[in-house]
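Residue numbering restarts at 1 for every chain, and letters A, B, ... go by the order of the sequence lines.
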Amino acid sequence: MSETAPAASLDFIREMIAADVAAGRNGGQVITRFPPEPNGYLHIGHAKSICLNFGLSQEYAPHSRCHLRFDDTNPTKEEVEYVESIMEDVKWLGFDWGTHLFYASDYFEKLYGFAVQLIEKGLAYVDDQTPEQIRESRGTLTAPGTASPYRDRSAAENKDLFARMRAGEFKNGEKVLRAKIDMASPNMNLRDPVIYRIMHAHHHRTGDAWCIYPMYDYAHPLSDALEGITHSLCTLEFEHHRPLYEWLINSVDGLPGAPYQREFARLNLTYTVMSKRKLLRLVKDGLVHGWDDPRMPTISGIRRRGYTPAAIRAFCKAIGLTKYPSLTELNLLEHHVREDLNKHALRVYAVLKPIKVVLTNYPEGQVEHVEVPNNPENEADGKRQVPLSRELYIDADDFMETPVQGFHRLVPGGEVRLKYAFCIICQEVIKDAQGNIIELRCTYDDATRHGVKPVGRPKVKGTIHWVSAAQAADIELRLYDKLFTVEQPDEQAGEDGDFTQFLNPGSLETVIAKIEPSILTAKPGSHYQFERVGYFFADPKDSQLGKPIFNRTVQLKDGFVVKK
RNA sequence: UACCCCGUGGUGUAACGGUAACACAGGAGAUUUUGGAUCUCUUAUUCAAGGUUCGAAUCCUUGCGGGGUAGCCA
């Protein structure tokens, strides 16, 4: 064994696993699995599980591994498209299942054999009741269930019936195979759960080979055991399934492994929804532009938004792992995104709401280039030349005709520094007939170049970014904001309310910005910080070479907010 | 109103019977050619009541609050 770290503090799962390893259980091996059903796209909540399961396999390397297993036991909901996107997302997050790629459908034959074994042991029976009858006889949360009239069929009869179910003799819903446990159990999952159902449906991998399919509750523990999984980690809603999980592990003979299941709280994030059903609704109703819309909490969405794998991993580490049904602030995610991007994103000047500035004492027709660092956080990123001339654009937010208290930027008669250029003084405000400001006429001071602060003059408090008008590129920017206006849209909407009423109408604003010409070479899928504005990501789908389109990943923190 | 799980600053977590701490958020300052970043300081916490103990966030009891569970979904 090679590790281990100073061991900061372990969450309850890791503590448990550490104890297992210390006790030499499973020969000191830790084998986990990430088991998505390929029926949709992965979201940030799945990232928590991925970071846990794959993270564990890294922490216990080399005595460890994490399987990627597709839980494809319901052919009516699953598609290869989802299989592919899930694999892409896991890889993008920075994890690798190596050769350990599995499908529950690979075990259909073995699973069938185990079911026959249960029948022979008198632990499973074929039930002819209708779905309605089964539901009614299951009882309620407060009342016990009642036995099916078919509960005591002989093993031989059950075996025959089950074989005929497989052979396709019956229609959907005509018969099921049930585990024979306890119809009076306070745990509904133990009231003779259905373990096989008839589905004449085409499976994305097994085709038409099967017309009976195992249920999750049956397939999952046995798949875990077949793969030698040691720790089966899932979210809290499966807590009540644990006794069934253990029942199966204990009831089936000849299993190569003895995994156990533990549960942790799923991730909830403010200002978004996480359930597949609700995300699907957003896509289907055209409320967002697809699963990879940068406003979506899907992995493909946040990837396209410009969030980084490292940021997401750091976030998943920061949120911890407990059984408390917590609500994490979106804030925290954004913090980690900024932290990562601050170190790596190249800086560029972009003016989102341009006002023209004319430097009246700057020679007409002259263009010079000023040298600016690509990333002050990392000298190795080098420098670039930014054109500067008589006509510039600055951002409308950086000028106030009648400034509020505390405003440090340009005002009539006032002075600001143009970053890495020189200071300018606003001499005149030009307006159109409607009174809109269309131009600022300013003078520049050559003595203030290179950050020089002339003595004897009032201190220039503001430094603003700018672009040279003639050389500026017109670039499309997609300014994304929170998808919802309230922290918990589903909670607020209530049981029968509609969460879409809380959709943020301003979650996407598209603008054409004036950006320094170097931006034209931006590669799709690259990160930038538009100085003083935010982090932006060249959209990998819609950008073209020489014509990038940017998604706003996250705004910069703004220490100055105009109070109204 | 059955059973199971969970309650620590605003939020997320740590403290494993022995000084309640960390991060985010908030506030103040320093610094800065980004009102960013960085650095310093700071506000604010054990659901309640009993009990056990020299000592309880931690163990016990009760109460209160939150979440989950009645698919031939996963």
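Side-chain nitrogen and oxygen atoms of A:Arg138 include at least one within less than 4.0 Å of the OP1 or OP2 phosphate oxygen of B:C72.
For the segment residues 168-180 of chain A, the set of residues with a heavy atom within less than 4.0 Å of an atom of RNA chain B comprises A:Gly173, A:Val176, in numerical order.
Against the 90° criterion about 0, the sugar-base torsion of B:G9 places it in the anti range.
Ring centroid separation for the pair A:His220 and A:Tyr216 comes in under the 6.0 Å cut-off.
When each of A:Trp466, A:Tyr420, A:Tyr393, A:Phe530 is tested with A:Tyr349 by the rule ring pair (Phe, Tyr, Trp, His ring centres under 6.0 Å), just one qualifies, namely A:Trp466.
Within the structure, side chain to side chain donor-acceptor pair (under 3.5 Å) contacts touching residues 179-201 of chain A (residues at least two apart or in different chains) are A:Tyr125-A:Asp192, A:Arg151-A:Asp192, A:Asp152-A:Lys180, A:Asn187-A:Asn189.
On a pure distance criterion of 3.5 Å, no polar donor-acceptor pair joins the side chain of A:Arg135 and the base of B:G71.
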Just the table, please: protein N/O against nucleotides 21-28 of chain B N/O, every pair under 3.5 Å.
| residue | atom | partner | partner atom | Å |
| --- | --- | --- | --- | --- |
| B:A25 | OP1 | A:Lys557 | NZ | 3.4 |

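Qualifying side-chain hydrogen bond (donor to acceptor under 3.5 Å, both in side chains) partners for A:Thr235, counting only residues two or more places apart in sequence or in other chains: A:Glu237. Here A:Glu334 pairs with nothing under the side-chain hydrogen bond (donor to acceptor under 3.5 Å, both in side chains) rule; sequence neighbours left out.
Taking the 5.5 Å centre cut-off and the 30° plane limit, the aromatic side chain of A:Phe560 is classed as stacked on B:G35.
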For nucleotides 64-69 of chain B, 5' to 3', base contacts (B), sugar-phosphate-only contacts (S) and non-contacts (-) with protein non-hydrogen atoms under 4.0 Å give ----BB
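Residue A:His450 is the one, among A:His450 and A:Asp127, whose nearest nucleotide of RNA chain B lies closer to the 5' end (criterion: closest heavy atom). Nearest-nucleotide positions on RNA chain B for A:Asn74 and A:Phe530 put A:Phe530 closer to the 5' end.
A donor-acceptor distance shorter than 3.5 angstrom exists from the side chain of A:Thr270 to the backbone of A:Leu330, with no hydrogens or angles considered. With hydrogens and angles disregarded, a donor-acceptor distance shorter than 3.5 Å links the side chain of A:Glu78 to the backbone of A:Asn74.
Nucleotides B:U45 and B:U58 place their C1' atoms 16 Å apart, quoted to the nearest Å.
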